[in-house]
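Here is the naming used below: chain letters follow the sequence lines, and residue numbers restart at 1 for every chain.
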Amino acid sequence: MKDISTSEDDSNLLVMVIDTNPFEWEHPSAPLKLNEALQHILAFMNAHLAGRHDNKLAVIASHVGVSKFLYPTPNEPIPGGKALTKKDANAYQNFKVVDDAVLEGIKRLLADPKPTLEEKDLGSSKIAASLSLGLCYINQTLKLDALGHIKPRMLVLTVSPDSSSDYIPIMNCIFSAQKANIPIDVCKIWGEDAVFLQQAAHITEGIYMRPNDPRGLLQVLMFSFLPDMFARNYLYLPGQDQVDFRAACFCHKKIVDIGFVCSVCLSIFCSFSPVCSTCRTKFAFQPLLNPARRLGAKSGASNPGSPRPSTPTTPSQ
Amino acid sequence: MWEAGETVTAQGVAVYRKRPGILYFTNRRMAWVPDGGLAPTVSVKHDEIRVQLVSAGTATKVTLRIAEFKPEVAHTFQFTSSNAMQEREVIKGLVSVIIHDRLLRASGGGASSANGTPGPSGGSPGASSVMSDVSTPGTPKTPLQARMGGPGPAGFARRGLNGAAGGVDVEMQTRRALLAQNRELSLLHTELVVGKHISENEFWETRKSLLRNKAAIDQQQKGQSSAWLDLKPQTGESNDVKYVMTPQVIHSVCQQYPSIKRAYDQFVPDKLSEGEFWKRYFQSRFFHRSRSGRGANEPDDEIFDKALEEDEEETKSAPKRIKLDHINRLVDLSTTEEDHLESYLTPDGTMNAGKTKESKEAMPLIRRFNRYAQRVLNSTIGPKRPSTGPESLDMDGVERAIVMEDLQEQKESSKIVLNIQDTRRYFESQGGDMKSSKIPDGVNPADILKDFYRDYTSHEVVLNKPFTIPENTFDTLMRNVKSNRAKLLPPKDGSQLLPAHLYQEALSCHAAGNEILRHFWASTSMDKVAKHVRMIESLKKIRDENVKSLMIQASSLGTDCLDAMKMMLKPMLNGIQKALKHADSRPKPLVRKLV
């Protein structure tokens, strides 16, 4: 485990992951448009950069089917060619560069419909890919940094629900972030709770926020996510501590409190079935009756038997 | 023929298994030597004598029968001399004294641990367990004799009866000890039993595990302490220095200094009395040498000076080679050492102690400590048993000595492969309730994208316009922060909010109430109706009297106090309420029957 002592002299690296899932943002029930949200987000980014002269920032867009770096821009086109925007004498140059890069990057992403439509799992953005990109970037920066005073953290701004196929990759990212002491903060701008990201924030000691009113996004961002690692030692910050760790049964995906667990593959079912559907283990004994009814009464095992696997020696497939 | 320090107290001409001989009774054992023999054939140590039987006074043969503990054998001796009867009576008397002493020591109150004192057992190897004293060098009889109230067999018959009835006494003692140790328990006890809510037996019925634990702890005998003994004098009001010597202390001293032990064996109790011996010990140079480095002013004392010399000699030189008897002789390399003398390897000289100047001074001390530790271990668990003859040539024993399990090849246990069909479904269900994608039906995704792009590019993102933030955002955030903070701070408990005595009273009231509730719920079965009714009465009484008085007291000290008191007693009051509701809703006919 790395040394986690923070000090006043640390510069902070903030890696932001912005979810640009068009199917969510463009949904008729969306309370906020992407433009408006970007206003708040850009202001927040500028505030972060303004905190210290050496604060660093990286922005990753998590789109459907693809995940791209918005800032720092990955490939610098010929310098000078294709002028980004006209130089504005009234704007602070550092801010302007970042803001323009982000906006341009998103525009380019949205212009290209191909990767979006190819994705089988329409409606889910690539959070796991973005998290990995971010973690690798952090690792690279830390290695390149000579003095060792950079304290990294990640902030995920998301609107999409959890993508079930991404469970393992997200968990892997979460565990590596935990090992590297990188807190992952999550702000679910609107919508239901994202359970994976809740767990991410919980494990890595980050903050999970789901503001009531998305129009107050900037205030929420400034209040909760602006303080850096050093300041967090001295502040009480808002955040949702209760994480939904409950298990869901495999057959109906509903939350169960008491259920049946296969002793071989540990999959959870709400009702007994003589064959486990995931690992094909046969259970050859009579189960106890409905556990809800029998709760409290002492019941001895009627016919304890051990489950016999169907294919004992040959590893199939 | 006899051991050092063994003296014959009585003897008689006796026949054993049709062979004539002499039966001796010494201060350590009973031994029978056949006529013309040099060593005793039968030897029964004092503590191995289980019981003795004598033939009736009118029988022709005068016999004495001694039964041992183990092995379960009995020896019969027939006295054949002219005054056979007297001899037998003398020996019988001595043996009965021995048996009586042993019974006194063994029985009598498991709670008092003083009974379990092992007398100083000899440091000789092969000493059996601590309890059965083997070859006690003159077990100090004085403390035991003082305790021996009624002499003779009549006394110990009474004791036997007491042992049976002692079960109840033991329990009372355990209860009292528990109450003495545990203050909360005693407070609860006074409140409930003295307050006539619950009877004594009921109180202890639910605490059987506590009683059992305490009884088990008390019955355990503490082993010998292995700390290095440092005798400190007890200076009383008078100026003379007093040293207390209990059998345990004597035993420790003998273990620490074997030369003292040898002297003790030799001189006590025959030539010197115990008191004399120890008095001289404390005055001797030996004692003061170990206490403070310079004991030059002590008078010469022949016993102890000799002991001092022996002791110093022992620790100056390195010990002799240890005989490791438990190595299987087939694999013992030291036996063929002579064949391998001419190797080019020099023996290891790196890990020898005692070469530097400092360690030379420390070596005797280290040696003394090591020997002492070894003796303590031996007396507690016994030395390693040397292997007997036939076993050492056994091939299995050789294998056991040579083969090391860790170096063998580990066989992989055959495993069954976990076979998950449709892994996707397995992993995706870990995430809780999943919602399907949010695309409304009938809409082409490509259209959505186009709309999105158009929306995005049409409005420009400007940062120099003021933001409109709804007003309640800040309040929500602050509430969130405050609740988080409240969760992180340690909860305030009653001891900070209420004054001390009030807090104590609330605690005891709470404990009493909970106890009664427990008894209430335990007595809901049919056969405990009377107790149930009593519990209901008690609950009502507690609620109406005790709680009310506490509330009044608290309210007199202010509303904060009252609130805190209410908070503290709330769970109990809830419980009482539920219990009374349950009691009311139960069918009443049972109560009517009793009336």
Any chance NZ of B:Lys465 has more than 12 other-residue heavy atoms, nucleotides or ligands included, within less than 6.0 Å? no

To the nearest 0.5 Å, tell me how far A:Met222 CE sits from B:Leu477 CG. 12.5 Å

If I take atom CD1 from residue B:Ile469 and atom CG from residue A:Leu217, how far apart are they, to the nearest 0.5 angstrom? 8.0 Å

More than 12 non-hydrogen atoms from neighbouring residues, nucleotides or ligands closer than 6.0 Å to CD on A:Glu36, yes or no? yes

Does atom CD (B:Glu460) have a neighbourhood of more than 12 heavy atoms from anything else shown, all under 6.0 Å? no

Measure across B:Phe467 and A:Gln39 and return the closest heavy-atom pair with its distance rounded to 0.1 Å. CZ-O, 3.7 Å

What's the separation between atom CD1 in A:Ile207 and atom CG in B:Asn484, rounded to the nearest 0.5 Å? 9.0 Å

Once you round to the nearest 0.5 Å, how far does CZ of A:Arg215 lie from OG1 of B:Thr473? 8.0 Å

Quick one: which of A:Ala43, A:Gly239, A:Ser224 has the most heavy-atom pairs under 4.5 Å with chain B, could you say? A:Gly239

Under 4.5 Å from any heavy atom of chain B - which part of A:Met171: neither

Distance from B:Asp475 atom CG to A:Asn212 atom CG, nearest 0.5 Å? 11.0 Å

Contact origin within B:Ser414 toward chain A - heavy atom pairs under 4.5 Å: neither

Applying salt bridge (Lys or Arg N to Asp or Glu O under 4.0 Å) to B:Arg207 and not counting sequence neighbours gives B:Glu515

To the nearest 0.5 Å, what is the distance between CZ on A:Phe223 and OG1 on B:Thr476? 10.5 Å

Less than 4.5 Å to any heavy atom of chain B: does that hold for the side chain of A:Asp213, its backbone, both, or neither? side chain

For residues 447-457 of chain B, dump all side-chain donor-acceptor pairs below 3.5 Å to protein atoms at least two apart in sequence or in another chain.
unit_1, atom_1, unit_2, atom_2, d
B:Asp451, OD1, B:Arg454, NH2, 3.0
B:Tyr456, OH, A:Leu103, O, 3.1
B:Thr457, OG1, B:Tyr453, O, 2.8
B:Thr457, OG1, B:Arg454, O, 3.3

